[in-house]
2 protein chains.
Amino acid sequence: MTKPRSRRGGGRPTIADVARKAGVGAITVSRALREPGRVSEDLRRQIQAAVDELGYVPDPNARALASARAEVFGVLVPSLTNNVFAEVVRGIYDNLSDSPFRIQLGHTHYSGMEEERLLQLFGSQRPAALIVAGIDQTATSRRLLENAGCPVVQIMETCPDPVDMLVGFSHFDSGRAATRHLLEVGYRKIGFIGARMDPRSQRRLAGYRAAMEAAGLFDPRLITTTPMLSSVSLGRELLRDALAKMPTLDGVFCNNDDIALGVLFECHRASIDVPRQIGIVGFNDLDMMQVSFPSITSIRTHRYEIGRRAVAMALAAIGGNRPVERIVDLGFELMRRESTAR
Amino acid sequence: MTKPRSRRGGGRPTIADVARKAGVGAITVSRALREPGRVSEDLRRQIQAAVDELGYVPDPNARALASARAEVFGVLVPSLTNNVFAEVVRGIYDNLSDSPFRIQLGHTHYSGMEEERLLQLFGSQRPAALIVAGIDQTATSRRLLENAGCPVVQIMETCPDPVDMLVGFSHFDSGRAATRHLLEVGYRKIGFIGARMDPRSQRRLAGYRAAMEAAGLFDPRLITTTPMLSSVSLGRELLRDALAKMPTLDGVFCNNDDIALGVLFECHRASIDVPRQIGIVGFNDLDMMQVSFPSITSIRTHRYEIGRRAVAMALAAIGGNRPVERIVDLGFELMRRESTAR
DNA sequence: CGCAATGTTGGTAGCGCTACCACAGCCGGC
DNA sequence: GCCGGCTGTGGTAGCGCTACCAACATTGCG
């Protein structure tokens, strides 16, 4: 006779304990918990009573092993301290909190290598779905996504050929819209100021450039960027740099709101009148943009909704009814404010 | 003869495949991967070659099931969009990225019930360690933590009787220090402005109150709070409310930097001179505090370091050598700036 | 009334991995 | 030369759960 291993788990109740208590087979307990509709009302009640009494919680690891599918959403974003992604992630969490799915979050730190490593790692868990930021995966990453064997949602951008599904908006269009607005209001020497030029920033810059070229006003010296991580203080420094290069600057499209705020503060310090001498447009429309003095024109993006929608699409796909629209463009909105009101 | 189940996992290589290829037993492969020191140099090389060739990645679920221990850190914070926790979480991720541990992140949304639910859920995974924000768990939550069977680190605060380990700083002391600074510089009618008064905010308020009472200047009408979530725009509204209640207000200790920024903007709009008419102190010392115009005095907290340190302590405990100091106080720092320079 | 279709339940055999032993070979000490 | 102790390796038996199939009862229909 073999002696049972000494309950390595520390004596937590198992499905067998519940089954014994309820006087049914283990598999019936399993079904009662996962597909209550397939178990008779009577047994379901008995089982529920046993579960409650024992305080049974299914072991997700055993479940994943047996079913070859973990109840986990893998989520890959470049950074969490970036307010933008924090909002997206919040949308994801909120829409997933009532479901049995857990979230496995990873930071790529804007690195393709790191993204590959994490996808490899996440893949080994057989996640129920993957949500990844951006469309600029390496060839290896793209292959990993295609072979993940689960719904994949790319977020934050649009493109015609996603791996699977996509929710986002056009960074090119939004960059162009911001620049066009400055042109329409009458600014001419419009600079682009940006830090950490990730692919999405590059597309906004391309939109800026397109607008400026269409107006016959493009000049490469109007562009000021840095590889450093974006921050408010960096916005201040970058405006100084931009003005040093181009003292006649009369407007700036800032790659994000942090930069824009830094620019505004530097204008205060240098007694530059906003919007009279310089017009400012930010990007993302954080709450503070409408509060600042003067309030700052910005491009509002639907970050929370992107996260929420990505989850909704993934859940639909898991449930068997893939959304008809594989590609969702949530657009953006230009919020006109005092910083460009001249 | 039983036909093998059709590789539900989709044909990924298993440890048995690696063992066969390397001509060794499965258990030796397992050891070579987890404790290379216990396997001879020769076999280790052969096994590594087989692993590389097959692209073998261990299944974390099977591993967790067999060893009754998942390589997962459970992390519980109230909110991710709060910049403060985003920084803490970054510190946690950064210090854990080279280890085999994954992170399971949960939001309590400042709710004790939600915290209980998540601890229950996380516990079912048998995590390697738990990191939770705060010391104000419900009785149930505290019991769950005590019985988690793994190292537990509470973060963000100090107290004499943590569940297990603790890293943080004193909110009471920091609130008192901020208020004392305002008093020292000469402000008298000093208000407290705060949103979302979680337990940490309450302690800062208590520190404020202690300082004001010690100076014989406390007045409950100086306190303005709201249950709403903190934001820059809320800071602006709260200052209006505070001034309506107490027009002679000459200083404010803001519960966080977002509020402080909102207050500053409202002062600009209302042509209130900072620091002459009103002094402002923020809390957390976000980057923008030193950039704003005028720059804002704030209490610097070591958020990233709290996350980093919590992980270091948990790893040490997992490794068998619990840190001698179970309680670590990382302190805080008053950053004097223009907003209180009069 | 017979038979297929449907619905409900249970048994068995794993999922991929590691804990726990067993065992072989080697060392040094008495 | 025997014994205990080490080191390195492997076999076996699960971890807790679910996929798969079988068994049985019940129903509907010709």
Side-chain angles (χ1 to χ4, degrees), chain A residues 1-20 22-47 51 54 56-71 100 123-126 128 149, chain B residues 1-20 22-47 51 54 56-71 100 123-126:
Chain A
M1 167 161 173
T2 60
K3 120 173 102 77
R5 218 187 289 191
S6 62
R7 261 302 170 69
R8 297 185 289 199
R12 227 182 289 268
T14 72
I15 202 168
D17 298 327
V18 177
R20 206 169 312 119
V24 299
I27 187 66
T28 306
V29 174
S30 173
R31 265 194 293 257
L33 262 35
R34 289 175 303 139
E35 320 168 81
R38 304 178 64 78
V39 174
S40 67
E41 180 83 24
D42 260 17
L43 287 191
R44 222 187 312 163
R45 255 201 306 273
Q46 281 177 51
I47 290 169
V51 165
L54 293 172
Y56 169 71
V57 182
D59 182 330
N61 297 119
R63 195 171 255 189
L65 182 58
S67 66
R69 184 51 73 210
E71 290 180 324
S124 72
Q125 292 183 69
R126 312 164 190 291
Chain B
M1 167 167 175
T2 62
K3 115 171 103 76
R5 217 188 290 191
S6 61
R7 263 300 168 70
R8 297 187 288 198
R12 229 184 289 269
T14 73
I15 203 167
D17 298 327
V18 177
R20 208 170 308 121
V24 298
I27 188 67
T28 306
V29 174
S30 172
R31 264 195 293 258
L33 262 34
R34 288 176 305 140
E35 321 169 81
R38 304 176 64 79
V39 174
S40 68
E41 180 83 25
D42 259 20
L43 285 191
R44 221 186 312 162
R45 254 200 306 273
Q46 282 178 50
I47 290 169
V51 166
L54 293 172
Y56 169 71
V57 181
D59 181 329
N61 297 119
R63 194 171 254 190
L65 182 58
S67 65
R69 185 50 74 209
E71 291 181 323
S124 71
Q125 293 182 68
R126 309 163 193 289

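Treat the numbers as computed from the prediction; the structure is a model and nothing was measured. Below, chains carry the letters A, B, ... as their sequence lines are ordered, and counting in each starts from 1.
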Judged by atom type as modelled, is there a donor-acceptor pair below 3.5 Å linking the side chain of B/Arg69 to the main-chain atoms of B/Arg126?
->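 Side chain of B/Arg69 to backbone of B/Arg126: a pair is present.
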Nearest-0.5 Å distance that lies between atom [atom1] in [X] and atom [atom2] in [Y]:
| X | Y | atom1 | atom2 | result |
| --- | --- | --- | --- | --- |
| B/Ser124 | A/Arg63 | OG | CZ | 9.5 Å |
| A/Asp59 | B/Asn61 | CG | CG | 9.0 Å |
| B/Thr28 | B/Leu33 | OG1 | CG | 11.5 Å |
| A/Ile47 | A/Ser40 | CD1 | OG | 8.0 Å |

Non-hydrogen atoms of [X] and [Y] that approach each other most closely:
| X | Y | value |
| --- | --- | --- |
| B/Arg44 | B/Pro36 | NE-O, 3.3 Å |
| B/Tyr56 | B/Ile15 | CE1-N, 3.5 Å |
| A/Ala19 | A/Val29 | CA-CG2, 3.7 Å |
| A/Asp17 | A/Arg12 | OD2-O, 4.2 Å |

B/Ser67 vs C/dC17: side-chain N/O to OP1/OP2 distance below 4.0 Å =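 No, B/Ser67 has no side-chain N/O under 4.0 Å of OP1/OP2 on C/dC17.
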Compare side-chain N and O positions of A/Ser40 against OP1 and OP2 of C/dT9 and report whether any pair is under 4.0 Å apart.
->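 The answer is yes; a side-chain N or O of A/Ser40 sits under 4.0 Å from OP1 or OP2.
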Check the distance between [N]'s [atom2] and [X]'s [atom1] and give it to me in whole angstrom.
| X | N | atom1 | atom2 | answer |
| --- | --- | --- | --- | --- |
| B/Asp42 | D/dT7 | CG | C1' | 15 Å |
| A/Ile15 | C/dT9 | CD1 | C1' | 14 Å |
| A/Leu65 | C/dG14 | CG | P | 14 Å |
| A/Arg69 | C/dC15 | CZ | P | 17 Å |
| A/Ile47 | C/dT9 | CD1 | P | 8 Å |
| A/Gln125 | C/dC17 | CD | P | 14 Å |
| A/Arg126 | D/dA19 | CZ | P | 13 Å |
| B/Gln46 | D/dT9 | CD | C1' | 13 Å |

What nucleotide, of C/dC17, D/dG16, D/dT9, holds the atom closest to the side chain of A/Asp59?
->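 Of C/dC17, D/dG16, D/dT9, D/dG16 is nearest to the side chain of A/Asp59.
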Among C/dG16, C/dG10, C/dT9, find the nucleotide with the atom closest to the side chain of A/Ile27.
->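 Minimum distance to the A/Ile27 side chain belongs to C/dG10.
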Enumerate the protein-to-nucleotides 23-28 of chain C contacts in which both atoms are nitrogen or oxygen and the separation is below 3.5 Å.
none

Close residues, residues 28-38 of chain B, relative to DNA chain C [heavy-atom separation under 4.0 Å] |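 Heavy-atom cutoff 4.0 Å gives B/Ser30, B/Arg34.
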Compute the angle between the rotation axes at the two ends of the helix from C/dC1-D/dG30 to C/dC30-D/dG1, each taken over five pairs, rounded to 10 degrees.
->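 End axes: 40° apart.
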Taking for each residue the nucleotide of DNA chain D bearing the nearest heavy atom, is the 5' side occupied by B/Val39 or by B/Ala62?
->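 The answer here is B/Val39.
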Would B/Gln46 and B/Leu43 count as a side chain to side chain contact (heavy atoms under 4.5 Å, CB included) if you check the C-alpha gap in whole Å, the side-chain angles of each, and the deciding distance to 0.1 Å?
-> CA-CA 5 Å; B/Gln46 282 178 50; B/Leu43 285 191; 3.9 Å; yes
